[in-house]
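This is a predicted model, so every value here is computed, not measured.
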Amino acid sequence: MADEAQPEKPSNLEECLSDPKGNWQDEAVRDTYRHSAAHIMAAAVKRLYPHAKLGIGPAIEDRFYYDFDIPGGFGPEDLDHIEAEMRKIVREDHPFVRQEVTREQALEMFERAGENYKVELIHDLPGDVPITLYHSGDFVDLCAGPHICSTGQVKSFKLLSLAGAYWRGSEKNPMLQRIYGTAFPEPEWLDEYLCRVEEAKKRDHRVLGPQLDLFSLHDEGRGFPFWHHKGLILWQLLEDYWREVHRKHGYQLVRTPIMLTEELWHRSGHWDHYRENMYFSVIDDVPHALKPMNCPGGMLLYKMNLHSYREFPLKVAEMGIVHRHELSGTLHGLLRVRSFTQDDAHIYMMPEQLKDEIMGVIDLDDEMYRAFGLDYHVELSTRPENSMGTDEQWERATAALEAALREKGMDYKVNPGDGAFYGPKIDFHLRDSLGRTWQCGTIQADFQMPERFELTYIGPDGAEHRPVMIHRVVYGAMERFIGLLIEEYAGAFPLWIAPVQVKVIPIADRHLDGARAIASQLETAGLRPELDPRNEKVGFKIRSAEMEKVPYMVVVGDREIASGQLSVRQRGRGDLGKMAMEDFVARLKDDVATKAR
RNA sequence: GCCGGCGUAGCUCAGUGGUAGAGCAGCCGAUUCGUAAUCGGCAGGUCGAGAGUUCAAAUCUCUCCGCCGGCUCCA
């Protein structure tokens with residue numbers, strides 16, 4: 001695999017990794033340790049199932065895995081056997097022994113063993129890399145290393161899950177059985193890790209969403225979420241904020257139809273490049289398609305008028321509902337759906353304005369993610385196989401994106417071949433509760449659509465020119481962004497986007513009218529209160545408001561009705577004591593204005 | 001789509017061939033209470049769907065549907 005980077009040698013490693021525990025803060029040390037655990041797992045599998053063939057076994061983040069080709073596959077009970085065998089290998093405490101061999105020796109050895117996947121890997125190794133084997137007892141693996149010093153150093157580990165994975169990530173290849181596990185030098189660290197994963201699962205938006213009455217998913221519409229009252233309030237608040245920011249940044253707002261004739265999609269190139277993901281329908285004998293992207297509709301709007309360079313950059317935004325038929329196995333709650341609302345925008349400009357405009361969008365993204373306290377990382381995706389346009393156009397577009405990133409001083413990762421079919425892109429990725437990353441914002445530089453749709457503008461020279469355009473989203477999709485926000489906050493939204501901001505809790509039935517009056521005053525003041533009129537004890541209603549993750553609770557009893565003051569409790573903090581209505585409202589308004597978490 | 005797992009009440013789950021269960025939520029009643037669960041009662045199920053094996057299937061077999069994890073990181 002010529003394009004695959006060799007793992008870096010841990011900074012403290014000479015011959016082998018002797019003190020993983022003492023250097024655990026070093027990511028390369030953790031990877032080496034888990035990589036060795038993967039090696040031990042492979043050794044255990046070969047002992048128990050000698051006919052299993054080896055794939056590869058790297059460490060990734062907190063885990064390791066190894067892929068095997070085993071007829072009939074593994075079952076969960078096999079994991080127990082493998083774990084037991086691994087313990088044995090750990091107890092036997094075999095040293096890891098490195099051996100450098102020639103390509104011929106390696107090939108001969110793995111061919112004889114029938115390890116055809118290893119043979120394929122050896123064939124693809126670049127010529128200048130030494131080929132190394134690692135022995136532990138009677139097990140040998142092709143491996144660049146490094147490893148820990150001996151199998152006995154792997155003190156605590158656990159096999160986590162079983163999965164299918166195509167050999168080398170391509171669905172054209174056979175599917176191997178992948179076993180995931182994790183390993184730590186201290187049993188307590190393993191327990192802590194497992195606890196953390198359990199805790200993270202409780203933040204899952206698919207559990208919290210229905211529980212907090214935000215949205216639901218139904219078999220009758222796979223990949224098409226249903227929005228409930230409170231979820232829609234959240235949605236609209238995000239949209240309000242989005243509109244406010246976009247007005248400030250000089251965007252116009254438009255809306256284009258969700259269904260357009262098939263002919264348009266031929267013209268745009270989507271028919272040739274995106275057909276498998278589109279929904280079609282014939283209406284009055286005319287073939288139509290639900291839009292998978294907003295751009296062609298946007299192009300039609302652009303072409304309504306002649307445009308001058310003086311209007312540029314022309315920024316046109318649209319909350320556009322798109323439909324994409326994603327593979328059923330890839331659907332995931334709100335994070336991957338088949339119909340979603342993109343906070344899209346198209347920016348038209350002269351080619352020489354491209355870099356500055358990209359930088360402007362980077363600033364916008366940063367501003368909006370910051371408002372939610374979200375961490376993100378950036379990736380640059382380059383030309384895919386199935387793409388339109390000339391090499392020169394792709395190079396110019398990619399260069400502009402890279403220049404903007406460099407000028408902004410941003411760290412980014414390159415994703416070769418992952419761009420859109422019409423242009424390269426910068427992607428903004430956010431993490432979910434389990435640490436998986438999801439693309440939200442994207443900035444795509446496009447020379448193709450203007451060409452396809454023959455867009456023009458009149459330049460300073462009075463002649464017609466071809467504009468370039470940026471396609472961009474910030475939230476990415478409202479659905480996905482809300483899903484990630486639910487996980488980020490574990491459902492406990494900051495005041496400014498909390499669907500219910502204040503729960504008004506009367507103590508006994510005779511306080512209902514007073515409580516209702518307080519709720520309506522809060523409502524008039526522009527807040528979002530909700531009355532809990534149930535005939536229950538205060539403790540019960542407090543508990544239920546806390547579980548609904550409402551930021552503030554106001555308890556109304558005889559004392560409040562007599563004094564006219566409010567008894568305020570804050571979510572997670574407890575009783576704040578008494579305050580006047582005006583002070584409470586001012587405090588909340590202030591919180592909302594600063595978008596404090 | 002593919003690989004593996006799972007599918008019992010609204011939710012969390014127990015029930016491995018012999019009369020479908022619990023807690024929470026819901027409803028009804030009592031209670032009118034001061035900052036994270038008041039008490040009692042009632043109701044709730046084609047055991048995901050269909051077919052098969054059997055005297056008998058939630059339980060065994062097959063097909064389908066849905067959900068969960070993975071299929072990006074790489075010797």
Side-chain angles (χ1 to χ4, degrees), chain A residues 1 3-7 31 35 38-39 54-61 63-67 73-76 78-79 106 110 115 117-118 120-122 124-125 129 131-134 141-145 160-180 201 204 206-207 210-211 217-220 222 276 325-333 379 413 415 418 429 434 436-437 439 505-512 535-547 553-560 567-577:
Chain A
M1 281 182 253
D3 56 347
E4 281 163 10
Q6 294 295 308
D31 282 355
H35 184 200
H39 174 106
L54 300 172
I56 49 172
I60 40 152
E61 299 187 355
R63 299 178 298 167
F64 62 83
Y65 68 78
Y66 213 111
D67 290 346
F74 290 118
D78 292 315
L79 291 194
F110 285 103
E115 295 286 1
Y117 299 100
K118 294 291 182 190
E120 186 182 328
L121 292 174
I122 297 165
D124 290 351
L125 281 174
V129 176
I131 295 180
T132 53
L133 306 178
Y134 274 84
D141 197 5
L142 173 74
C143 179
L160 300 168
S161 62
L162 209 46
Y166 296 108
W167 171 239
R168 301 178 97 175
S170 166
E171 60 184 359
K172 295 183 189 80
N173 290 337
M175 184 166 264
L176 308 188
Q177 302 294 310
R178 176 172 295 181
I179 302 176
Y180 281 93
K201 281 186 190 155
D204 192 325
R206 292 165 301 182
V207 177
Q211 213 172 316
L217 302 167
H218 301 266
D219 291 353
E220 290 82 353
R222 292 190 67 194
E276 326 74 70
H325 189 80
E326 306 290 357
L327 292 178
S328 63
T330 64
L331 299 179
H332 185 98
E379 299 185 5
K413 175 186 146 191
N415 261 337
D418 225 20
H429 291 250
L434 290 176
R436 296 174 289 210
T437 76
Q439 182 199 310
I505 298 174
I507 287 178
D509 285 352
R510 66 175 179 280
H511 308 121
L512 255 172
N535 173 11
E536 295 287 353
K537 290 185 161 184
V538 195
F540 180 88
K541 295 202 250 191
I542 293 280
R543 177 179 146 84
S544 121
E546 290 274 352
M547 290 198 308
M553 287 144 263
V554 166
V555 175
V556 184
D558 291 335
R559 302 204 285 266
E560 288 70 25
S567 276
V568 177
R569 181 189 165 98
Q570 192 173 2
R571 170 184 66 203
R573 300 231 172 112
D575 198 347
L576 299 184

Quiz item: Does A:Q211 get its side chain close enough to the base of B:rG10, under 3.5 Å, for a donor-acceptor pair?
Solution: no
For nucleotides 2-5 of chain B, list the nitrogen or oxygen atoms of the protein found under 3.5 Å from its nitrogen or oxygen atoms, one pair per line.
residue: B:rC2; atom: O4'; partner: A:Y166; partner atom: OH; Å: 3.4
residue: B:rC3; atom: O2'; partner: A:Q177; partner atom: OE1; Å: 3.4
residue: B:rC3; atom: O2'; partner: A:Q177; partner atom: NE2; Å: 3.1
residue: B:rC3; atom: O2; partner: A:G164; partner atom: N; Å: 2.9

Quiz item: When we call it a touch if two heavy atoms are under 4.0 Å apart, what does A:E379 touch: a base, just sugar-phosphate, or nothing?
Solution: nothing
Practice problem: Classify the nucleic acid contact of A:R178 as base, sugar-phosphate or nothing, counting any heavy atom under 4.0 Å across all strands shown. | Solution: sugar-phosphate
Exercise. For the pair A:D575 and A:R569, find out whether any cationic side-chain nitrogen is under 4.0 Å from an anionic carboxylate oxygen.
Key: no
Quiz item: To the nearest Å, how far apart are A:I60 CD1 and B:rG69 P?
Solution: 15 Å
Quiz item: Under the side chain to side chain donor-acceptor pair (under 3.5 Å) test, which residues partner A:D418, sequence neighbours left out?
Solution: none
Exercise. Taking only the side-chain nitrogens and oxygens of A:R559, find out if one of them lies under 4.0 Å from OP1 or OP2 of B:rG34.
Key: no
Quiz item: For A:D219, which contact category applies under a 4.0 Å heavy-atom criterion: base, sugar-phosphate, or nothing?
Solution: sugar-phosphate
Self-check item: Nearest non-hydrogen partners of A:L121 and A:G55, listed with the distance
Solution: CD1-O, 4.5 Å
Practice problem: Could you measure between the two P atoms, the one in B:rC60 and the one in B:rG15, and give it in whole Å? | Solution: 13 Å
Quiz item: Which is true for A:I505 with a 4.0 Å heavy-atom rule: it touches a base, it touches only sugar-phosphate, or it touches nothing?
Solution: nothing
Quiz item: At under 4.0 Å, does any side-chain N or O of A:R206 touch on OP1 or OP2 of B:rG69?
Solution: yes
Quiz item: Can you tell me if the side-chain N/O atoms of A:R436 get under 4.0 Å from OP1 or OP2 in B:rG70?
Solution: yes
Quiz prompt | For B:rA37, the Watson-Crick or wobble counterpart (both distances under 3.5 Å) | solution = none
Exercise. Please check if any side-chain donor atom of A:Y66 sits under 3.5 Å from a side-chain acceptor atom of A:D141, or the reverse.
Key: yes
Practice problem: Measure from the side-chain heavy atoms of A:D509 and tell me the nearest of B:rU32, B:rA75, B:rA36. | Solution: B:rU32
Exercise. For residues A:V568 and A:M553, determine if any side-chain heavy atom of one lies less than 4.5 Å from a side-chain heavy atom of the other.
Key: no
Exercise. Using the P atom as the reference point in each nucleotide, state the distance between B:rA56 and B:rG1 in Å, no decimals.
Key: 36 Å
Quiz item: At their closest point, which heavy atom of A:H332 faces which heavy atom of A:R206, and how far apart are they?
Solution: CE1-NH1, 3.1 Å
Quiz item: So which of A:F74, A:Y65, A:F64 actually passes side chain to side chain contact (heavy atoms under 4.5 Å, CB included) with A:I179?
Solution: A:F74
Quiz item: In the structure shown, which nucleotide is the Watson-Crick or G-U wobble counterpart of B:rC64, with both distances under 3.5 Å?
Solution: B:rG48
Exercise. Check whether any side-chain nitrogen or oxygen of A:H332 sits under 4.0 Å from OP1 or OP2 of B:rG69, and answer yes or no.
Key: yes
Practice problem: Please give the nucleotide sitting opposite B:rC13 as a Watson-Crick or G-U wobble pair, both distances under 3.5 Å, or none. | Solution: B:rG21
Quiz item: Quick one: is B:rA75 close enough that its OP1 or OP2 comes under 4.0 Å of any side-chain N or O from A:R168?
Solution: no
Quiz item: So, is A:R510 close to the B:rC33 phosphate, meaning a side-chain N or O under 4.0 Å from OP1 or OP2?
Solution: yes
Quiz item: Out of B:rG1, B:rU35, B:rA75, which nucleotide sits closest to the side chain of A:I542?
Solution: B:rU35
Quiz item: Which one of A:K172, A:M175, A:E120 satisfies the side chain to side chain contact (heavy atoms under 4.5 Å, CB included) criterion with A:W167?
Solution: A:E120
Quiz item: Under 4.0 angstrom, heavy atoms only, what part of the nucleic acid is A:K118 near: base, sugar-phosphate, or nothing?
Solution: sugar-phosphate
Quiz item: Contact class for A:G539 (heavy atom, under 4.0 Å): base, sugar-phosphate, or nothing?
Solution: sugar-phosphate
Practice problem: Please work out if A:V555 contacts a base, only the sugar-phosphate, or nothing of the nucleic acid, heavy-atom cut-off 4.0 Å. | Solution: base
